[in-house]
Number of protein chains: 2
Amino acid sequence: MLSIGDVADQSGVPASALRYYEKEGLLPPAERKGGQRRYSPDILFRIRVIKMAQQAGFQVNEILTLLEGFDSNVPPSERWREMAQKKRMELEEKQRELVLMQEVLDRGLRCTCLSWDECFLNVSLDGTCDRGGEKGADRHPVVFSRRYR
Amino acid sequence: MLSIGDVADQSGVPASALRYYEKEGLLPPAERKGGQRRYSPDILFRIRVIKMAQQAGFQVNEILTLLEGFDSNVPPSERWREMAQKKRMELEEKQRELVLMQEVLDRGLRCTCLSWDECFLNVSLDGTCDRGGEKGADRHPVVFSRRYR
DNA sequence: ATAAAACTTAAAGTTCACTTTAAGTCAAGG
DNA sequence: CCTTGACTTAAAGTGAACTTTAAGTTTTAT
């Protein structure tokens, strides 16, 4: 059995956060030994899922629904399914945004403009600066133009 | 030229947030007509990028660095490049978590267990319940087990 | 010309997800 | 047995990202 400090060390989640999760219902009330929490190592898997969901943009109350938002003892309740479906679509949208953002970063990293001043005339929807027309794709993204400094 | 209300409508970002962004430097100080903000439609592209970066998990001050965190007039400063490199790696990590999370949701949505009680004995690292052994992959993910209700 | 709708600011308030603090209790090692 | 370090709680504090409020000004439509 692990103390809260052990779990904190092994999961990378501070003890204060673990107590907070317990209070919010994200973690089950831990067994106690003389008032102190004792965890089975299983808890680490649950914490992993909580962290994963957080990275994916779930709020605490959403993770709660995800984990225990059903009362029936039949498989995934309608409520759960609805939430999961909705969330799945949100995740897909978020992935698209993530990829777009990576492309913006990559464009910036590959940029070969010699000065910002070269880069502030044309705004195109894909975010590149296409003034001269020669190697437009490798110019600064216009978002970074001097106009806004 | 667009009023702040127009921009709010067209971008989906509340006027109060737009004012906040201006105060924080995310948006350039807008031109004024009798004290009221007037925007060129170009601003919508910038707002799109801000939203994109937010979806991707950038904080406001990070977006600030992204947009104007360089002083030189040579292409992407070292500072910018460092930040972009770091962020790119974070984005990749986040994508992996997103995919994992989708898989957890999908497993839940595909689950065919007849009751939660069927699903609370085995914990495996991939998060599936594999008691009987027949169609293990389609059981409730163990995260959702009764143990924690 | 005037009334309604939309805008302005500064400052205070809100929500989320924790963290910190204070005062005290427990447990593990020597 | 005793000290030290880890733990306990409740409550207050924090930082991020806005939103709301209040009091006033400007624009727009009739």
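The sequence lines fix the lettering, A, B, ..., with proteins before strands; numbering per chain opens at 1.
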Taking NZ, NE, NH1 and NH2 as the nitrogens, is one of them in A:Glu92 or A:Arg88 under 4.0 Å from a carboxylate oxygen of the other?
yes

Between C:dT25 and A:Arg32, is there an OP1 or OP2 to side-chain N/O distance shorter than 4.0 Å?
no

Spacing of A:Arg37 atom CZ relative to D:dA6 atom C1', expressed in whole Å
13 Å

CE of A:Met1 to CD1 of A:Ile43: how many Å apart, nearest 0.5 Å?
10.0 Å

Below 4.5 Å, heavy atoms only, C-beta onward: do B:Ile47 and B:Leu27 meet side chain to side chain?
yes

So if I take residues 1-11 of chain A and measure heavy-atom distances to DNA chain D, which residues fall below 4.0 Å?
A:Ser3, A:Ile4, A:Gly5

Could you grab the distance from atom OH of A:Tyr39 to atom CD of A:Glu22, nearest 0.5 Å is fine?
5.0 Å

Are more than 12 heavy atoms, taken from residues, nucleotides or ligands other than B:Glu90, located less than 6.0 Å from that residue's CD atom?
yes

Rounded to the nearest 0.5 Å, how far apart are CD of B:Gln85 and CG of A:Asp106?
8.5 Å

For the pair made of CD in A:Glu22 and C1' in D:dC7, what is the distance, rounded to whole Å?
13 Å

Would A:Lys94 and A:Glu97 pass as an ion pair if we require N to O under 4.0 Å?
no

What's the separation between atom CG in A:Leu67 and atom CZ in A:Arg46, rounded to the nearest 0.5 Å?
4.5 Å

Generate the contact string for nucleotides 14-30 of chain D. Rules: B means base contact, S means sugar-phosphate contact only, - means no protein heavy atom under 4.0 Å.
---BBBB-----BS---

